[in-house]
Amino acid sequence: QVQLVESGGGLVQPGGSLRLSCAASGSIVSFDAMGWYRQVPGKERELVAVITSGGGTNYGDFVKGRFTISRDNAKNTQYLEMNSLKPEDTAVYYCNAKFVVRGIVPMTFWGPGTSVTVSS
């Protein structure tokens, strides 16, 4: 019904930049929040960034001003602009969204993930 598709992952050198995209499709009644999480082997999945319907944003502490989340409301797509990438940013990045699809209570959806590797 509701599908999230990430794109933009790949290999990038330290200090480089990468832009991730997440396109949402399906019977979405309203938008509540969208965000990005990442996970590496042996560690918990952690919040990278989130943007709410009101335009507010929140970032993980490790981002330190390097990442920027944005959203294209017309296309129901969110973006994560990653700058000054470090090897420790290497992870699988997952798109997360909270949409109202029925009733009034938002539901949580996940994308399949896109791999980001930061290496020389």
Side-chain angles (χ1 to χ4, degrees):
Q1 186 178 18
V2 174
Q3 183 174 250
L4 304 178
V5 180
E6 302 105 332
S7 62
L11 176 65
V12 64
Q13 296 184 11
S17 299
L18 207 60
R19 191 192 195 197
L20 305 184
S21 300
C22 176
S25 62
S27 300
I28 301 169
V29 176
S30 64
F31 161 76
D32 187 67
M34 295 185 73
W36 293 91
Y37 290 73
R38 72 184 188 185
Q39 189 169 27
V40 299
K43 292 184 177 294
E44 299 290 327
R45 186 174 296 188
E46 62 182 350
L47 172 70
V48 177
V50 64
I51 186 167
T52 67
S53 61
T57 58
N58 189 34
Y59 296 91
D61 292 337
F62 60 87
V63 172
K64 298 179 180 179
R66 298 179 296 123
F67 295 0
T68 302
I69 189 171
S70 62
R71 183 174 184 271
D72 185 333
N73 292 328
K75 296 183 177 181
N76 233 345
T77 301
Q78 68 165 331
Y79 306 92
L80 183 68
E81 186 71 36
M82 303 185 292
N83 300 309
S84 301
L85 284 163
K86 306 174 181 180
E88 49 264 44
D89 293 319
T90 297
V92 176
Y93 286 71
Y94 297 91
C95 180
N96 172 266
K98 292 177 65 179
F99 297 136
V100 174
V101 296
R102 67 173 68 89
I104 196 172
V105 180
M107 299 179 66
T108 300
F109 302 90
W110 291 94
T114 184
S115 181
V116 172
T117 301
V118 184
S119 176
S120 299

**Q** Given side-chain hydrogen bond (donor to acceptor under 3.5 Å, both in side chains), test S17 with N83 step by step and report yes or no.
**A** CA-CA 4 Å; S17 299; N83 300 309; 2.8 Å; yes
**Q** For residues Y59 and T68, determine if any side-chain heavy atom of one lies less than 4.5 Å from a side-chain heavy atom of the other.
**A** yes
**Q** Is a donor on one side and an acceptor on the other found under 3.5 Å between the side chain of E6 and the backbone of G113?
**A** yes
**Q** If you apply the rule side chain to side chain contact (heavy atoms under 4.5 Å, CB included), what do you find for R102 with Q1, and how did you get there?
**A** CA-CA 12 Å; R102 67 173 68 89; Q1 186 178 18; 3.9 Å; yes
**Q** With rounding to the nearest 0.5 angstrom, report the CG to OH distance, L80 to Y93.
**A** 7.5 Å
**Q** Hey, could you give me the OG1/CH2 distance between T108 and W110, rounded to the nearest 0.5 Å?
**A** 8.0 Å
**Q** In Å and rounded to the nearest 0.5 Å, what is the CG to CG distance from L4 to N96?
**A** 8.0 Å
**Q** Kindly indicate whether the side chain of R66, heavy atoms from C-beta on, has any atom under 4.5 Å from the side chain of M82.
**A** no
**Q** Is the closest side-chain heavy-atom distance between F99 and S30 below 4.5 Å?
**A** no
**Q** Sub-3.5 Å donor-acceptor pair from the side chain of T90 to the main-chain atoms of V118, do we have one?
**A** yes
**Q** Assess whether side chain to side chain contact (heavy atoms under 4.5 Å, CB included) is satisfied between M34 and I69, documenting all intermediate values.
**A** CA-CA 9 Å; M34 295 185 73; I69 189 171; 5.7 Å; no
**Q** How long is the span from the CZ atom in R38 to the OH atom in Y94, to the nearest 0.5 Å?
**A** 13.0 Å
**Q** Do S25 and N76 make a side-chain contact, defined as non-hydrogen atoms from C-beta onward lying under 4.5 Å apart?
**A** no
**Q** Determine, using the 4.5 Å side-chain heavy-atom cutoff (strictly less than), whether V63 and V50 are members of one ILVMFWY cluster.
**A** no
**Q** Would you say that more than 12 heavy atoms from the other residues, nucleotides or ligands in this model lie under 6.0 Å from the CD of E44, or not?
**A** no
**Q** Test your reading of the model: is there a side-chain donor-acceptor pair from Q78 to the backbone of G35, 3.5 Å cut-off?
**A** yes
**Q** Over 60° means perpendicular and under 30° means parallel, so classify the ring planes of F67 and F62, tilted if in between.
**A** perpendicular
**Q** What verdict does the side chain to side chain contact (heavy atoms under 4.5 Å, CB included) test give for V100 and D32, after you've listed the backbone C-alpha separation in whole Å, the side-chain angles of each residue and the deciding distance to 0.1 Å?
**A** CA-CA 7 Å; V100 174; D32 187 67; 5.5 Å; no
**Q** Is the NZ atom of K75 crowded by more than 12 outside heavy atoms at less than 6.0 Å?
**A** no
**Q** Under 4.5 Å between side-chain heavy atoms, hopping through other hydrophobics if needed: is there a path connecting V12 to V48?
**A** yes
**Q** Rounded to the nearest 0.5 Å, what separation is found between the CG atom of D89 and the OG atom of S119?
**A** 12.5 Å
**Q** Report the distance from atom CG of L18 to atom CD of Q13, rounding to the nearest 0.5 Å.
**A** 12.0 Å
**Q** Any idea which heavy atoms bring F31 and I51 closest together, and the distance?
**A** CZ-O, 3.6 Å
**Q** Which heavy atom of W36 sits nearest to which heavy atom of S21, and what is that distance?
**A** CH2-O, 3.5 Å
